[in-house]
Protein chains: 2
Amino acid sequence: MPPTHSSAMPLSAPTTLFTGLSPAEIDRLNESAVARQVAAEAYLLHQHSAARAVYMVESGVLMMERSSAAGRRQVMAFIQTGNFIGIAQNEFYEFSVAALTAATVKEIPQKTFIELQDEIPQLKDNVRRIGGNILAHALDQVFALGQKKAHERVCFLIQQLHDRKGDPRSRVVELVMTRQDIADYLGLTIETVSRAFSKLRAEGVIEVHSAHTVDILQPETLREMALAE
Amino acid sequence: MPPTHSSAMPLSAPTTLFTGLSPAEIDRLNESAVARQVAAEAYLLHQHSAARAVYMVESGVLMMERSSAAGRRQVMAFIQTGNFIGIAQNEFYEFSVAALTAATVKEIPQKTFIELQDEIPQLKDNVRRIGGNILAHALDQVFALGQKKAHERVCFLIQQLHDRKGDPRSRVVELVMTRQDIADYLGLTIETVSRAFSKLRAEGVIEVHSAHTVDILQPETLREMALAE
DNA sequence: CGATTGTTTGACACGGTTCAAAGTGGGTGG
DNA sequence: CCACCCACTTTGAACCGTGTCAAACAATCG
């Protein structure tokens with residue numbers, strides 16, 4: 001049976017670049033990669049700069065954002081261990097990527113990366129799939145911003161962060177980002193985000209331990225609100 | 001010099017699957033393709049169905065949409081001649097595609113399409129680029145829904161439709177879709193969209209010939225509003 | 001322990017939605 | 001060909017959710 005909704009179904013086994021690769025192939029990929037450290041608050045890459053590399057996140061949390069000339073900022077994604085950056089780019093990056101925490105990434109030159117795909121068919125498949133997942137994520141966000149109320153968008157984010165953690169039984173979600181980052185991700189203001197958290201707490205859907213840790217008390221309610229059912 | 005913003009720069013020569021291909025290669029692609037007619041109002045494909053083919057639009061206008069269990073609908077894109085459908089999909093379509101007008105498309109089985117990319121390197125590049133454009137479109141929409149006011153979103157759509165027409169000097173834009181479609185694309189209601197058109201008309205930015213034809217009177221103002229500068 | 005930054009809460013204003021009604025246009029049948 | 005009808009669009013008025021402005025509160029770091 002097909003999923004009822006893309007975001008309704010956490011990926012059971014998320015595709016990485018290494019999925020299905022032989023040890024030898026994994027080695028080849030790793031040989032082409034250079035480890036890079038990114039300090040908290042620092043930028044990994046900037047909007048409009050030439051897209052020369054793709055990145056795999058090894059640790060830490062980063063944030064993909066886009067700013068207009070007027071200074072309005074939209075956060076496009078929060079990026080965690082196992083996510084990829086720059087896979088579906090043309091010659092220029094369409095966004096900046098900043099580190100929320102100290103992070104380590106592996107950098108592969110775009111040219112090398114494209115060549116490796118010709119030599120490793122399975123890698124090409126993985127890239128295809130990851131590209132599909134990235135687009136699916138963007139479409140989920142379009143739906144959230146276009147159709148959902150403030151508290152539903154907050155549920156959408158909490159659910160998204162929860163789904164990415166391996167264990168579905170865990171009910172604790174860490175919010176590494178600030179309220180401003182959340183607001184800019186969901187197309188809201190700080191105050192509205194804060195009120196949405198308070199409302200969900202008052203309704204008993206979540207518990208807010210600190211501003212950066214929430215407990216999910218009613219997973220089913222959260223999920224419904226996140227999907228806007 | 002890099003573009004100031006992805007949507008600020010209409011693609012000078014939009015990439016098609018055929019870009020840079022030899023006549024023989026174009027023939028091979030065409031041999032694998034089956035022409036299909038889609039009647040106005042009919043669906044080309046449905047959300048959650050298995051993604052078995054990719055499509056090139058030859059004529060007509062279609063609409064990509066996603067609906068939630070609650071019946072809320074988000075229009076993801078308006079698709080015109082030269083656009084592609086299903087290029088960046090995984091096993092299931094994440095959206096439905098309906099025809100606004102009678103349309104003709106070429107259908108290529110996904111499997112064949114993937115194999116052809118192995119045999120025609122330039123085709124692989126084209127697919128990469130088209131995939132990048134599709135993601136860029138989605139990111140533009142996220143930005144619009146997250147950061148822009150109603151009248152700016154309407155400018156965003158008008159500008160987008162204008163940029164896709166070949167001739168940048170033409171100041172006429174045809175709106176094939178209904179106000180409801182526009183509303184669902186921009187995350188607004190019919191009434192708000194209608195009021196936004198009236199406001200832009202009152203300000204002299206556009207002229208509304210009929211509900212489905214507008215004249216751009218102040219291209220510069222329109223562009224600024226569309227970009228939210 | 002104070003200072004600074006980030007978060008929550010409150011009061012009010014505004015933009016967008018909702019509900020209602022009038023206006024417009026295209027198509028059909030008389 | 002005109003008149004009617006139906007669907008779509010526009011406009012109006014009241015309401016509500018979110019944004020804005022302001023202040024209290026909490027947490028973090030020196």
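Protein chains get the first letters and strands the later ones, always in sequence-line order, with residue 1 at the start of each.
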How close or far is atom C1' of D:dT18 from atom NE2 of A:H151, stated in whole angstroms? 13 Å
In whole angstroms, the gap separating P of D:dT18 from NZ of B:K149 amounts to 14 Å
Is A:D184 salt-bridged to A:R66, cutoff N-O under 4.0 Å? no
Salt bridge between A:D181 and A:R73, side-chain N to carboxylate O under 4.0 Å? yes
In whole angstrom, give the distance that lies between atom CD of B:E152 and atom P of C:dG15. 12 Å
In whole angstroms, the gap separating P of C:dT9 from CZ of A:R179 amounts to 10 Å
Determine the contact category for A:H212: base if any of its heavy atoms lies under 4.0 Å from a base atom, sugar-phosphate if only primed atoms, P, OP1 or OP2 are that close, otherwise nothing. sugar-phosphate
Under-4.0 Å salt bridge between A:E152 and A:K149: no
Check the distance between D:dT18's C1' and B:L145's CG and give it to me in whole angstrom. 16 Å
Separation of atom NZ in B:K148 from atom P in D:dG19, rounded to whole Å: 17 Å
Would you kindly give the CD-to-P distance between A:E41 and D:dC29, to the nearest whole Å? 11 Å
Which distance, rounded to the nearest 0.5 Å, do you find between the NE2 of B:H137 and the CE of B:M64? 8.5 Å
To the nearest angstrom, the CZ-C1' distance between B:R153 and C:dT17 comes to 13 Å
Does anything in residues 191-210 of chain B reach DNA chain D, meaning a heavy atom under 4.0 Å, and if so which residues? B:E191, B:S194, B:R195, B:S198, B:R201
So which of residues 180-190 of chain A are in contact with DNA chain D, with a heavy-atom cut-off of under 4.0 Å? A:G187, A:L188, A:T189
So which heavy atom on A:M76 is nearest to which on A:Y185, and how close? O-CE1, 3.5 Å
A:R179 to A:F197 six-membered ring, cation-pi geometry met (6.0 Å, 45°): yes
Solution key, residues 80-87 of chain B side-chain donor-acceptor pairs under 3.5 Å, sequence neighbours excluded:
residue: B:N83; atom: OD1; partner: B:Q80; partner atom: N; Å: 2.7
residue: B:N83; atom: OD1; partner: B:R164; partner atom: NH1; Å: 3.4

Distance, nearest 0.5 Å, that separates OH of A:Y55 from NZ of A:K106: 14.5 Å
What's the spacing between A:Q159 CD and A:L157 CG if we round to 0.5 Å? 10.5 Å
Using heavy-atom distances to pick each residue's nearest nucleotide on DNA chain C, tell me which of A:A211 and B:A150 is more 5'. A:A211
